[in-house]
2 protein chains.
Amino acid sequence: MMQKLEQQLCFEVYKAANQFTKLYAKTLQPFGLTYPQYLVILALGDEDNQTTSSLCDRLGLGIGTLNPVLQKLVEKGLLKKEPSKKDKRASYFSLTEAVKKLQPAIEQAIVEKLFCFDYLPTEGPILKERLQQLNEFLEMMNKEETV
Amino acid sequence: MMQKLEQQLCFEVYKAANQFTKLYAKTLQPFGLTYPQYLVILALGDEDNQTTSSLCDRLGLGIGTLNPVLQKLVEKGLLKKEPSKKDKRASYFSLTEAVKKLQPAIEQAIVEKLFCFDYLPTEGPILKERLQQLNEFLEMMNKEETV
DNA sequence: CAAATTTATATCGTATACGATATAAATTGA
DNA sequence: TCAATTTATATCGTATACGATATAAATTTG
């Protein structure tokens, strides 16, 4: 027998991801940002001046996905792209002053929209830890095939 | 201060969804199916003969997303589309014999790939319940704006 | 050191995913 | 009843997301 849809973990993850993207899209829209674009900014906020491949690793995305996102952010003047001097193939991305000025307002919008309710601050951390374990498992599974 | 990327629940959900999609893509590829296409088949497995809007509700997707998926499944001969007699606007979708014959093999492939390890059978159900709660919260948040 | 391999980025084709808009059919209401 | 609204589906434009392929630069190897 086929497993029922409701019984499947992957389906709950799938729905949650779509819902989160929608919610963030609404919140970030006044800033002209999408959720993946915002993730890039967060990643560079943690550690500025990263290469494309470093950002791919960090966000768990392929270069075919991330490259257009990075290009768009550069066009918008939110990222600066500089060729590496040591490695002529590589480029480094860093946050511009424009986006640094924007960050507090973005954070406030997200806190107001998402974290003003009890649910996420209470349940979020527990769920997050379990999802981290799940992600370790899934990453392992996705690498498995290469062997 | 901007929240660190690792601290964010939404980011873990985002990564998990991408990883799951990749894993299912590999598993379903021999059957010529993508993950969303498989979800449609699962939804109709639970209850056959549903309208487009019913499937949209069930999968949490908009019609702009689901319509092309349904069209492709019909083209492949896996779904049958029939106009409703009572409502000239509506269409009903049901599984063809072709896909019903395929289902056991699909299920076996997924079990072999994903559920042969301890992790998902053990941790899956706990995580799933918490994600269901999260999804209720997120759906509420996404509806909120209409008010 | 030169050939073979690997690495870093770029591009392409396919498939979602979303919101906005369009259209026809059904329903509601004055 | 018949205009106004709602509902069901369809289509369009934008933005991911993936794997495959391409290319140039760096690294490894024989």
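Per chain, numbering begins at 1; letters A, B, ... match sequence-line order.
Counting non-hydrogen atoms under 4.0 angstrom, B/Tyr14 reaches the backbone sugars and phosphates but no base. Residue contacts for A/Gly64: at a heavy-atom cut-off of 4.0 Å it reaches a base atom on one of the strands shown.
Mapping A/Lys86 and A/Gln37 onto DNA chain D via the closest heavy atom, the residue that lands nearer the 5' end is A/Gln37. Place B/Lys72 and A/Gln19 on DNA chain C by their nearest nucleotides, and B/Lys72 ends up nearer the 5' end.
Across all strands shown, C/dA25 is found opposite D/dT6 as a Watson-Crick or G-U wobble partner, with both distances under 3.5 Å.
Distances from the side chain of A/Leu61 to the nucleotides C/dA15, C/dC18, D/dC18 place D/dC18 closest. For B/Lys81, counting side-chain heavy atoms from C-beta on, the closest listed nucleotide (D/dT16, D/dA17, D/dA10) is D/dA10. With D/dC18, D/dT16, D/dA10 as the choices, the nucleotide that has an atom nearest any side-chain atom of B/Asn67 turns out to be D/dA10.
OP1 and OP2 of D/dA10 both lie 4.0 Å or more from every side-chain N or O belonging to B/Gln71. Taking only side-chain nitrogens and oxygens, A/Lys88 never comes nearer than 4.0 Å to OP1 or OP2 of D/dA25. Phosphate contact (OP1/OP2 of C/dC18, side-chain N/O of A/Tyr35, threshold under 4.0 Å): absent. Residue B/Thr65 places at least one side-chain N or O under 4.0 Å from the OP1 or OP2 atom of C/dC18. Remark: A/Gln29 is not in phosphate contact with C/dG19, judged by side-chain N or O atoms under 4.0 Å from OP1 or OP2. One finds no side-chain N or O of A/Thr21 lying less than 4.0 angstrom from the OP1 or OP2 phosphate oxygen of C/dC18.
When rounded to the nearest whole Å, the span between OH of B/Tyr24 and C1' of D/dC18 equals 18 Å. Here the P atom of nucleotide D/dA17 and the CG atom of A/Leu39 are 8 Å apart, to the nearest Å. Rounded to whole Å, the distance from CG on B/Asn18 to C1' on D/dA15 is 14 Å. Residue B/Leu33 contributes atom CG, which lies 12 Å from atom P of C/dA15 at whole-angstrom precision. The CG-P distance, from A/Leu59 to D/dT16, rounds to 12 Å in whole Å. At whole-Å resolution of the value, NZ in B/Lys15 and P in D/dT16 are 19 Å apart. Between the CD atom of B/Gln50 and the P atom of D/dT9 there is a distance of 11 Å, given to the nearest Å. Spacing between atom CG of A/Leu28 and atom P of C/dG19 amounts to 14 Å, rounded to whole angstrom units.
Salt-bridge annotation for B/Lys100 and B/Glu97: present, with a side-chain N of the basic residue lying under 4.0 Å from a carboxylate O of the acidic one. With respect to the salt-bridge test (charged N to carboxylate O, under 4.0 angstrom), the residues B/Lys15 and B/Glu12 qualify.
Taking CG of A/Leu95 as the start and CG of A/Leu79 as the end, the distance is 6.5 Å to the nearest 0.5 Å. Expressed to the nearest 0.5 Å, how far OH of A/Tyr92 lies from OG1 of A/Thr52 amounts to 10.0 Å.
Within the 4.5 Å cutoff, the side chain of A/Tyr24 has heavy atoms near those of the A/Leu114 side chain. Using a 4.5 Å cut-off on side-chain heavy atoms (C-beta onward), B/Gln71 and B/Asn67 make contact.
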For nucleotides 1-8 of chain D, print each protein N/O atom paired with a nucleotide N/O atom at under 3.5 Å, atom names and distance only.
residue : atom : partner : partner atom : Å
D/dT7   : O2   : B/Arg89 : NH1          : 2.3

With side chain to side chain donor-acceptor pair (under 3.5 Å) as the test, would you mind laying out the steps for A/Gln108 and A/Glu112 before giving the verdict? CA-CA 6 Å; A/Gln108 197 190 344; A/Glu112 275 175 16; 2.9 Å; yes
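Ring pair A/Phe11/A/Tyr14 is parallel by interplanar angle, where below 30° counts as parallel and above 60° as perpendicular.
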